[in-house]
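Just below is one structure, and these are the notes that go with it.
Quick caveat: nothing in here was measured; it's all calculated off a predicted structure.
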Amino acid sequence: MKATLKDGLFHLVLAGLCATLAMMVAGGSLAAQSTAAASPQVTFTKEVAPILQEHCQECHRPNAIAPMPLRTYEEVRPFAKAIKERVSARMMPPWFVDPNVGINKFKNYGGLTDDEIATLVKWVDGGAPLGNPADMPPPRKFDDDIWHIGTPELVAAMPEDLVVKARGPDMWKNIVVDPGMTEDRYIKAVEIKPTKGRRVIHHIGTSLIYPDGGSAVIQAKNANIFEENSGRLMKAGTKVVFGLHIHPYAEDTTTSVEIGFIFYPKGYVPKQVAVTELMGDDSQLDLPPNTDNIRYDSYLILSKPTRLLSYAPHMHTRAKAECLEAIYPQKSEQRDGSKVETLNCINHFDFNWMMVYEYATDVQPLLPPGTVLHLISWYNNTGSNRLNNDPDNWIGYGQRSIDDMAMAWMTYVNLTDEEFRQAVAERKAKQKEIESLSSDSAPKVAASRVTLPK
């Protein structure tokens, strides 16, 4: 039989359709296999429990400060959705530096990585399964008596315990302790530690009072080990003042704290002396009732070359955010006027967590003389603020939690001109080395770069 052009076209189209269908089936099967291979089930015992042990259980365990323990599957499963919401918003664990603004590399980083957040979210979205009990890591052990700085050479404790009643207003106690210093020594490391009733201690501001009446603030809520060749002087006859902000916690609670010191060897004088300075003139703070996004600005002028070590924002219950920026003495390369750089933003300030953000050594801001540190604080004095018990009330500066503040503790060391030039040169050389690496590694450090002075 003679084949026609029409018959040929029919068979050609049919063959094409069959081939396309086969490819679609095969492709769908491969895609399904690929998806299955790329998306293994996330389980509590294998993936979730290690994250909780590392980042959460320091607080979420019996007799600690969190409202519920998160150790076992039975304890965690009822809070699965809440955990997803809090970690996705970067509200838990408490670490409130915006990861997309300014410096994002810290010695004491306490947040979750993007991968850890994705793992917890995937676990919840997948039904929060238990997994194989054999995959469960052994329970984490905690020792609240441990000193994170190592064994102190000198420990000063409150002379007696303080009993905090279950009900009542916040209290402020300045408790003076004589640690018995008989000679001048430079502090290498310092740590303040609650020994009882840590739940009722909101925060501790600790100072050294020198025999001549001078004083120095110690920002030592975290274990604080000073940079090499830097420290803080503790003179003979120096006394320690514990400045306790205490609030009741539903039951009568006995509390006490102590401070531990490790010193450099006798006679050693470090090249650089660390200073902690309170930044922020908030005496004129003015928060009108039922008003959101209220801004307050504070400034600190640096007269010497400075290496900034840490930033500790401090506000109260109406606070919502705070940013720290440096206004440099040189002009901007892009526009007329001073060069301005945002160092950090706290985009979700939480009064319940007074954090000290300690910059990693290789990204500590190097600030030339004449730099102005600019602190920008925002407040929400409306009913949408869950911590605001009276949005109809005007709020100003005050010590009470129902008052407010706009400040930060800045810890830094002053450098000589030569030390500053050398530090800047080393930092620039390191940045060039980083930029010469592969494009895969460069984005990981971009967020932690700080513009260096010329």
Side-chain angles (χ1 to χ4, degrees), residues 57-69 94 141-182 185 187 189-211 215-225 232 234 237-263 276 312 314 316-317 351-356 398-403 405 409:
Q57 291 180 9
E58 178 69 33
C59 298
H60 287 273
R61 55 189 172 95
N63 300 318
I65 62 175
M68 69 286 194
K141 296 181 180 180
F142 295 91
D143 183 0
D144 291 332
D145 292 329
I146 192 172
W147 290 95
H148 297 89
I149 60 172
T151 303
E153 298 176 48
L154 174 66
V155 175
M158 288 171 47
E160 58 184 10
D161 294 343
L162 183 65
V163 178
V164 181
K165 294 296 184 180
R167 305 292 178 191
D170 285 12
M171 293 188 295
W172 291 263
K173 297 287 186 179
N174 288 320
I175 300 173
V176 180
V177 177
D178 186 351
M181 290 290 294
T182 58
R185 297 287 296 275
I187 303 168
V190 58
E191 181 178 355
I192 297 174
K193 184 176 67 172
T195 55
K196 299 177 183 177
R198 65 177 57 217
R199 280 187 169 186
V200 300
I201 300 175
H202 185 267
H203 67 276
I204 308 171
T206 308
S207 302
L208 301 179
I209 304 298
Y210 298 126
S215 65
V217 176
I218 296 182
Q219 188 59 44
K221 184 177 181 181
N222 303 327
N224 190 359
I225 301 174
R232 192 187 300 272
M234 191 168 179
T238 294
K239 292 182 172 57
V240 175
V241 180
F242 294 116
L244 303 176
H245 178 175
I246 301 167
H247 56 179
Y249 199 84
E251 60 184 12
D252 290 358
T253 304
T254 300
T255 190
S256 188
V257 299
E258 59 187 12
I259 185 170
F261 299 93
I262 294 178
F263 299 102
T276 298
H314 187 87
H316 289 179
T317 55
F351 172 71
N352 294 307
W353 298 97
M354 294 297 168
M355 312 292 293
V356 180
Q399 294 285 343
R400 302 174 302 170
S401 297
I402 58 173
D403 303 316
M405 293 184 175
W409 281 283

Do [X] and [Y] have side-chain heavy atoms sitting under 4.5 Å apart?
{"X": "R199", "Y": "P194", "answer": "no"}
{"X": "V176", "Y": "I209", "answer": "no"}
{"X": "P159", "Y": "I175", "answer": "yes"}
{"X": "T206", "Y": "V240", "answer": "yes"}
{"X": "L154", "Y": "M181", "answer": "yes"}
{"X": "F263", "Y": "M234", "answer": "yes"}
{"X": "R232", "Y": "T276", "answer": "yes"}

So which heavy atom on [X] is nearest to which on [Y], and how close?
{"X": "G260", "Y": "I149", "answer": "O-CD1, 3.8 Å"}
{"X": "G243", "Y": "N174", "answer": "CA-OD1, 3.5 Å"}
{"X": "P62", "Y": "P69", "answer": "CD-CB, 4.2 Å"}
{"X": "C59", "Y": "A64", "answer": "O-CB, 3.1 Å"}
{"X": "Q399", "Y": "W172", "answer": "O-CZ2, 2.7 Å"}
{"X": "A156", "Y": "V177", "answer": "CB-CG1, 4.0 Å"}

Among residues at least two apart in sequence or on other chains, which ones pass ring pair (Phe, Tyr, Trp, His ring centres under 6.0 Å) with F351?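 Only H202, H316 meet the ring pair (Phe, Tyr, Trp, His ring centres under 6.0 Å) criterion with F351.
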
List the residues meeting side chain to side chain donor-acceptor pair (under 3.5 Å) with R61, not counting sequence neighbours, and say none if there are none.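 Here the qualifying residues are D144.
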
According to side chain to side chain donor-acceptor pair (under 3.5 Å), who are the partners of H148, at least two apart in sequence or on a separate chain?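 By the side chain to side chain donor-acceptor pair (under 3.5 Å) rule, H148 matches E191.
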
Pairs involving residues 248-261, ordered by first then second residue, that meet side chain to side chain donor-acceptor pair (under 3.5 Å) (sequence neighbours left out):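 Side chain to side chain donor-acceptor pair (under 3.5 Å) check on residues 248-261 returns no pairs.
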
Under the side chain to side chain donor-acceptor pair (under 3.5 Å) definition, can you give me all pairs with a residue in residues 158-169, not counting sequence neighbours?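 Passing the test, one end in residues 158-169: D161-K196.
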
D170: which residues meet the salt bridge (charged side-chain N to carboxylate O under 4.0 Å, His left out) condition with it, sequence neighbours left out?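 Testing D170 for salt bridge (charged side-chain N to carboxylate O under 4.0 Å, His left out), a comparison that skips the adjacent residues, returns none.
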
Mind running side-chain contact (heavy atoms from CB on, under 4.5 Å) on F261 and R185 for me, showing each step along the way? CA-CA 10 Å; F261 299 93; R185 297 287 296 275; over 6 Å; no

Test L244 against M158 for side-chain contact (heavy atoms from CB on, under 4.5 Å), laying out the working first. CA-CA 11 Å; L244 303 176; M158 288 171 47; 3.9 Å; yes

Worked verdict on F242 versus L162 for side-chain contact (heavy atoms from CB on, under 4.5 Å): CA-CA 12 Å; F242 294 116; L162 183 65; over 6 Å; no

In Å and rounded to the nearest 0.5 Å, what is the [atom1] to [atom2] distance from [X] to [Y]?
{"X": "H203", "Y": "H245", "atom1": "NE2", "atom2": "NE2", "value": "6.5 Å"}
{"X": "I192", "Y": "N224", "atom1": "CD1", "atom2": "CG", "value": "9.5 Å"}
{"X": "I204", "Y": "R198", "atom1": "CD1", "atom2": "CZ", "value": "9.5 Å"}

Decide yes or no on side-chain contact (heavy atoms from CB on, under 4.5 Å) for L208 and I187, but give the supporting numbers first. CA-CA 12 Å; L208 301 179; I187 303 168; 4.2 Å; yes

